[in-house]
Each structure stands twice: as structure tokens, then as C-alpha cells.
Amino acid sequence: MIVGVEEMSLETKALGHCGVSGAVPLSFRRSLSSFPTRLSFHTAVPSQTRRFQSLAVVKRSPKRLKYSAPRLTKEDGLLYVQVDQFGSDSWKLDPVVELIKGGAVGVIPTDTLYAIVCDLNSHSAIERLRRIKEIEPSKPLSIICRSFRDIDTYTTGFPRGNAQGLRDIFRAVKHCLPGPYTFILTASKQLPKQCTRYGTATSKYASRKNVGVRIPDDPVCQAILEKLDGPLISTSIKSPKENEWILDPVIIADVYGPEGLDFVVDAGVRVADPSTVVDMTESAPRIIRQGKGPKQPWMIAEDDDSAVDE
């Protein structure tokens, strides 16, 4: 039995004040495991089968597609929320925000790929994220920010100029953000130590000077950040067996749900390109991964040793 967005069943009443649009703390959500029915958030859709066009190598096995039907359920503790890609129904994100605040790890859309995210200040959530993604200790994580204010808080900011005569890099960067870019900057002392801790609880804190920052141009992602009133730790999603991006949230739920995800926000299939990564810690901004964001005149490509012509 499924509780829809526009209908109220006995199961919803049993949740008390934690209705469809209310907050669902992680501890309380897990306590509902004894309920014979499940809670779901979905938008009413026509009866025709939903069609996806995923470019990922992962194939859809009929035995694995728990979340492929238009009516999506809460399976094995995973909250699956379908939302409008333009953010018109952002109220559906309230339970997701409460889960993140409670230490949950889940999937949200960005303006490039889907990302696994967690609270920046949750030590246990960051360790779970690394375990779910099987991220190596040397692999850095990025921060998804609401605005330049977050970037100024957790980094030392953008350089004021460089040797090539570009005097105001910040003004140039403002034309790129929000957008499909990840800028590597020097981390500030405000970056929580948990963000630099790799491995198990017994491992030592690692020293990390730089951090990647993003401001995605995606209304659903921005709505989550605004409701949280803070940034998120994030990592993009690839198939654990194939070195390919997973673009379809249904497949992401199938692949990573059993690994311990708490929620998936479905805003449709994403594009096939990751963000463009630009290292801002050197004398000139250098692209170390070309992605969706086009190269700007003040950026140097990885294989281009020429000076920036501004």
C-alpha cells in the first residue's frame, strides 16, 4: 500500500505530525520498520511506463528494478522521493533535509551528475559515505555550496590576481558560478577536521590543504542547500564495476541502496558529463578535468603551457 502525495491513509495518520510534508528524523524513520506498509513520495503520473535513457553501462535486470515503477516505495529503509526537476514541489524535500541533519547519506541531483551527499559536520556520515562509495583514503571529496559566502567560510577564497595580468579572478569566476565547475581552493581552518579524516575511526587525521567547491545551477539541489542552511560533502556516482557515470536515479537506487543509502531524490536522468575541475591554487587557473563547463579564456588546459591571454 502506498501513501501518495495527494492522499492521506491510515498509515500517514499513524505518523502523527510527521506527515508527507513533515520532517522524518532518521531514528524515528528506522523505528517504523515494523509497519506492514511503507511511506512513499511521488507525483501522480499517467499509466504509461516511464522511459529512461541512461548512458551508464549498468543494465536493468528485471530482478533488480525495485524502483522502476511509477509508484515508488520505501524499500529496506531507503526513502525514494520523486520531484519536479524545476523545483516546483520543493516541499517534498523536507523529509530529506531532516534525514541529512540526522546523519543520513543519500543521493541528490546537481546540474551535471547525481551525487552522494552528507552533512559537512557529521563525522559518522562522512565515514559511511566513503564506505558506501568505497572511496580510497587518498581520494578527496568536494563541497557543494549555496553561495560564495560558504566558499569564503571553508576556503581562503579565490586569488586576487596572477602573474599573467588577470587582476580580478573573482569577477571572472562569478560568470561561471552557479554552474558546472569545481574549483580547487586552499581550505581554511573552518573546514571541519572530519572532512579530512579517512578510513576507520582508528585512523589518524590527514593533512589536507585544498578542497574542491561547487555551486550547482540546479533548482532541486539549491532548494536542499537552502533548507539545510549549509553546504554538503559530495562525490559523484559511478558504477562500482564499470568505470561509467550512472545517470539514472532508478539504477543508482538499485546499485547503492543495498550498500546503505538512506534516500534518493529523483529529478530525472542527468546529463552525461561531470563538472569541469579547475585548480586555482597555482599561478594560473588550470583545468585538470574538462567536463560540462566550457574552457574560459583565463583558464589553461592541462596540456596547454601557454600563458593566459586576458
Side-chain angles (χ1 to χ4, degrees), residues 3-5 12 15-32 38-43 67 72-75 77-111 113-129 132 141-147 149-150 153-154 178 192 194-195 213-235 237 249 252-253 256-257 260-268 270:
V3 182
V5 173
T12 304
L15 291 177
H17 296 291
C18 294
V20 173
S21 60
V24 185
L26 183 60
S27 59
F28 182 69
R29 179 177 56 81
R30 287 174 174 167
S31 70
L32 296 179
R38 303 293 182 179
L39 180 63
S40 173
F41 300 87
H42 66 274
T43 304
Y67 309 96
L72 303 174
T73 62
K74 186 179 176 184
E75 289 280 350
L78 173 65
L79 178 66
Y80 196 103
V81 184
Q82 285 183 297
V83 297
D84 173 46
Q85 62 177 327
F86 301 109
S88 64
D89 51 2
S90 61
W91 58 269
K92 292 183 184 178
L93 300 170
D94 290 345
V96 171
V97 172
E98 292 303 316
L99 289 179
I100 295 175
K101 290 179 178 178
V105 178
V107 174
I108 67 171
T110 73
D111 55 351
L113 308 168
Y114 276 89
I116 299 179
V117 300
C118 69
D119 186 355
L120 178 74
N121 296 294
S122 175
H123 175 196
S124 60
I126 293 173
E127 288 195 346
R128 285 184 57 217
L129 183 150
I132 290 172
L141 298 171
S142 297
I143 301 176
I144 295 180
C145 302
R146 298 167 298 171
S147 64
R149 179 176 298 179
D150 286 339
T153 299
Y154 296 104
Q194 296 95 318
C195 298
V213 296
R214 288 209 62 202
I215 304 180
D217 187 17
D218 181 89
V220 176
C221 180
Q222 282 293 328
I224 293 174
L225 294 171
E226 289 296 331
K227 290 174 181 289
L228 280 171
D229 193 28
L232 289 167
I233 288 290
S234 75
T235 178
I237 304 173
I252 294 172
Y256 286 101
L261 284 182
D262 296 300
F263 64 87
V264 172
V265 178
D266 179 352
R270 299 287 93 175

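Quick note: residue numbers are just sequence positions, from 1.
With sequence neighbours left out, the side chain to side chain donor-acceptor pair (under 3.5 Å) criterion links Lys227 to Asp94. In terms of the side chain to side chain contact (heavy atoms under 4.5 Å, CB included) criterion, residue partners of Thr235 (sequence neighbours excluded) are, by chain and number, Ile116, Leu129, Lys133, Ile135, Leu141. Annotation: side chain to side chain donor-acceptor pair (under 3.5 Å) contacts of Thr153 (sequence neighbours excluded): none.
Distance CG/Leu261 to CZ/Arg128: 8.0 Å, rounded to 0.5 Å. Atom CD1 of residue Ile233 and atom CG of residue Asp119 lie 9.0 Å apart, to the nearest 0.5 angstrom. A distance of 8.5 Å separates CD1 of Ile252 from CG of Leu113, quoted to the nearest 0.5 Å. Atom CG of residue Leu225 and atom CG of residue Leu232 lie 5.5 Å apart, to the nearest 0.5 angstrom. We find the OG-CD distance between Ser147 and Glu226 to be 7.5 Å, quoted to the nearest 0.5 Å. Note that the CD1 atom of Ile144 and the CG atom of Asp150 stand 11.5 Å from one another [nearest 0.5 Å].
The shortest heavy-atom contact between Pro231 and Tyr154 is CG-CE1, 3.5 Å. Taking both residues in full, the closest heavy atoms of Ser122 and Gly103 are given as OG-CA, 4.0 Å, listed atom of the first, atom of the second, then distance. Scanning both residues, Asp262 and Ala104, for their nearest heavy atoms gives OD2-CA, 3.2 Å. Here the closest non-hydrogen pair linking Tyr80 and Ala253 is CE1-CB, 3.8 Å. When every heavy atom of Ala115 is checked against every heavy atom of Thr110, the shortest pair comes out as CB-CG2, 4.1 Å.
Side-chain atoms of Tyr256 and Val264, non-hydrogen and from C-beta on, never get closer than 4.5 Å to each other.
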Indicate every side-chain donor-acceptor pair of residues 214-222 with a distance under 3.5 Å to a residue at least two apart or in another chain.
residue: Arg214; atom: NE; partner: Tyr181; partner atom: O; Å: 3.3
residue: Arg214; atom: NH1; partner: Asp111; partner atom: OD1; Å: 3.4
residue: Arg214; atom: NH1; partner: Thr112; partner atom: OG1; Å: 3.3
residue: Arg214; atom: NH2; partner: Asp111; partner atom: OD1; Å: 2.5
residue: Arg214; atom: NH2; partner: Asp111; partner atom: OD2; Å: 3.4
residue: Arg214; atom: NH2; partner: Gly179; partner atom: O; Å: 3.2
residue: Asp218; atom: OD1; partner: Arg270; partner atom: NH1; Å: 2.9
residue: Asp218; atom: OD2; partner: Val220; partner atom: N; Å: 3.1
residue: Asp218; atom: OD2; partner: Cys221; partner atom: N; Å: 2.9
residue: Gln222; atom: NE2; partner: Pro216; partner atom: O; Å: 3.1

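Between the side chain of Tyr114 and the main chain of Ala267, a donor-acceptor pair closer than 3.5 Å is present. Between the side chain of Lys92 and the main chain of Gln82, a donor-acceptor pair closer than 3.5 Å is present. Put simply, the side chain of Asp89 gets close to the backbone of Asp84: a donor and an acceptor are under 3.5 Å apart.
Tested against Phe263, the residues Val107, Ile100, Val81, Val105 include a single side chain to side chain contact (heavy atoms under 4.5 Å, CB included) partner, Ile100.
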